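Okay, structure first, notes after.
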Amino acid sequence: MIVPIDVSDFHQIVFFTGAGMSAESGVPTYRGKGGIWHKYNWEEYACQTAFEQNPQGVLDFHELRRIEALKCAPHNGHRIMTDLQKYHNHIWIVTQNIDGMHQRAGSQNTIELHGSLWRMRCDQEGKIIEDLQQSEYRSRKCSCGTWLRPDIIWFQDMLNEQVVSAANEVISSCDLFVSIGTSGVVWPAAGYPKMAKENGAYCIEINPETTELTYYFDRTVRQSASTGLWELFNLEVQT
Ligand code: APR
């Protein structure tokens, strides 16, 4: 059994999550066994060029991902974060996940670095449209006639500047940084543990595997997300 963390010892806490956080809910990871990028070529399904060449195919692929996400439900690890946010006012979740699982678990203060499967965007009108709950997109085209694209950061896209600066702000000023279920190979997310560490945060990694980021952590928990969070925060979830 590991020594638990008392959140009241910290002023600002960031949970930084990747695909491994959702893996326990049944959502496939990207690079591990059964990972999405082993099955699908991102150049055909997850970049602007692919969308311009074959919007229907790219939208079909994202509808499949919505179907997968809707088959899954948040697990106890998600609920632990939600419960901790009830006890502590300065807990942020910075996630690379686009599946909306943290929000479905009731979490607040969630910064989605890579966008969301549940939003569409018209680049012609600069309009964002929420499209929640069902697998099929309500509409594939904007009222102006332009194809709507998933409001997701694809390969070769720039990240949204406002989202990145919000993430930088909470990470550089936190005193506890907990990374959960990310391989740490995608930038700028891969730089966050270093950023937190250099600004004085106590850094913990929860991941069954060693990662390229492991070096930056003061403590590593080689468990799955839900077991690691449960052991670390010693919290019974309210179901
Ligand atoms: N609990 C915790 N961690 C887990 C679990 C689990 N149950 N299962 C797997 N992991 C870990 C793996 O060991 C791996 O380190 O989750 C990590 C998943 O890594 P990736 O598949 O690379 O996912 P991620 O780091 O989130 O990818 C970042 O890359 O393709 C892009 O935009 C995509 O957001 C994604 C980004």
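Not measured: the values here are computed from a predicted model. We're numbering straight along the sequence, starting at 1. Each ligand, and each atom within it, is numbered from 1 in the order the structure gives.
Atoms of ligand 1 found under 4.0 Å from any heavy atom of Trp37, numbered from 1 in the order shown, are 30 (O). Listed by number with element, the atoms of ligand 1 under 4.0 Å from a non-hydrogen atom of Phe155 are 30 (O). The Glu209 neighbourhood of ligand 1 comprises atoms 13 (O), with distances under 4.0 Å to a heavy atom of that residue. The distance from ligand 1 to the heavy atoms of Ala225 drops below 4.0 Å at these ligand atoms: 1 (N), 2 (C), 6 (C). With ligand atoms numbered from 1 in the order given, ligand 1 contributes 26 (O) to contacts under 4.0 Å with heavy atoms of Gly18.
Once rounded to the nearest 0.5 Å, the distance linking CZ of Arg66 with CG of Asp131 reads 4.5 Å. Here Ile98 contributes atom CD1 and His62 contributes atom NE2; the two are 5.5 Å apart, rounded to the nearest 0.5 Å.
If you check which protein heavy atom lies closest to atom 25 (O) of ligand 1, you get Thr182 OG1, 2.7 Å. Looking only at protein heavy atoms, the nearest one to atom 9 (C) of ligand 1 is Gly20 CA, 3.9 Å. Summary of contacts: the protein heavy atom closest to atom 35 (C) of ligand 1 is Tyr30 CE1, 3.4 Å. Protein heavy atom at the shortest distance from atom 20 (P) of ligand 1 is Ser183 OG, 3.6 Å. Of all protein heavy atoms, the one lying nearest to atom 18 (C) of ligand 1 is Gly181 O, 3.8 Å. Looking only at heavy atoms of the protein, atom 28 (C) of ligand 1 is closest to Gln96 OE1, 3.3 Å. Closest protein heavy atom to atom 23 (O) of ligand 1: Ala19 CB, 3.4 Å. Ranking protein heavy atoms by distance to atom 8 (N) of ligand 1, first place goes to Ala23 CB, 3.9 Å.
In this structure, Pro208 has a heavy atom closer than 4.0 Å to ligand 1. For the ligand labelled ligand 1, residue Trp42 lies outside the 4.0 Å heavy-atom shell.
The main-chain N or O of Met195 is found under 3.5 Å from a side-chain atom of Asn199 such that the two form a donor-acceptor pair. Checked by atom type and distance alone, the side chain of Asn97 pairs as donor or acceptor with a backbone atom of Ala19 at under 3.5 Å. Although no hydrogens or angles enter the test, the distance criterion places a donor-acceptor pair under 3.5 Å between the side chain of Gln12 and the main chain of Val170. With hydrogens and angles disregarded, a donor-acceptor distance shorter than 3.5 Å links the side chain of Ser172 to the backbone of Asn168.
Under 4.0 Å from ligand 1, the heavy atoms of His114 that appear belong solely to its side chain. Counting heavy atoms under 4.0 Å from ligand 1, residue Val186 touches it through the side chain alone.
Comparing heavy-atom distances from atom 31 (C) of ligand 1 across Arg31, Glu205, Lys33 singles out Arg31 as nearest. Checking Leu229, Asn207, Thr214 against atom 13 (O) of ligand 1, the nearest heavy atom belongs to Asn207.
Transitive grouping of hydrophobic side chains (ILVMFWY, heavy atoms separated by less than 4.5 Å) brings Trp42 and Leu64 into a common cluster.
Between Phe177 and Phe217, the angle of the ring planes stays under 30°, which puts this pair in the parallel group of the 30/60° scheme. Ring geometry for His78 against His75 counts as tilted: the plane angle lies between 30° and 60°, on a 0 to 90° scale. Classification of the Tyr202-Phe10 ring pair by plane angle, with boundaries at 30° and 60°, yields parallel.
Using a 4.0 Å cut-off between a side-chain N of Lys or Arg and a carboxylate O of Asp or Glu, Lys71 and Glu68 qualify as a salt bridge.
Exactly one of Ile91, Ile204, Val14 qualifies for a side chain to side chain contact (heavy atoms under 4.5 Å, CB included) with Leu176. That residue is Ile204.
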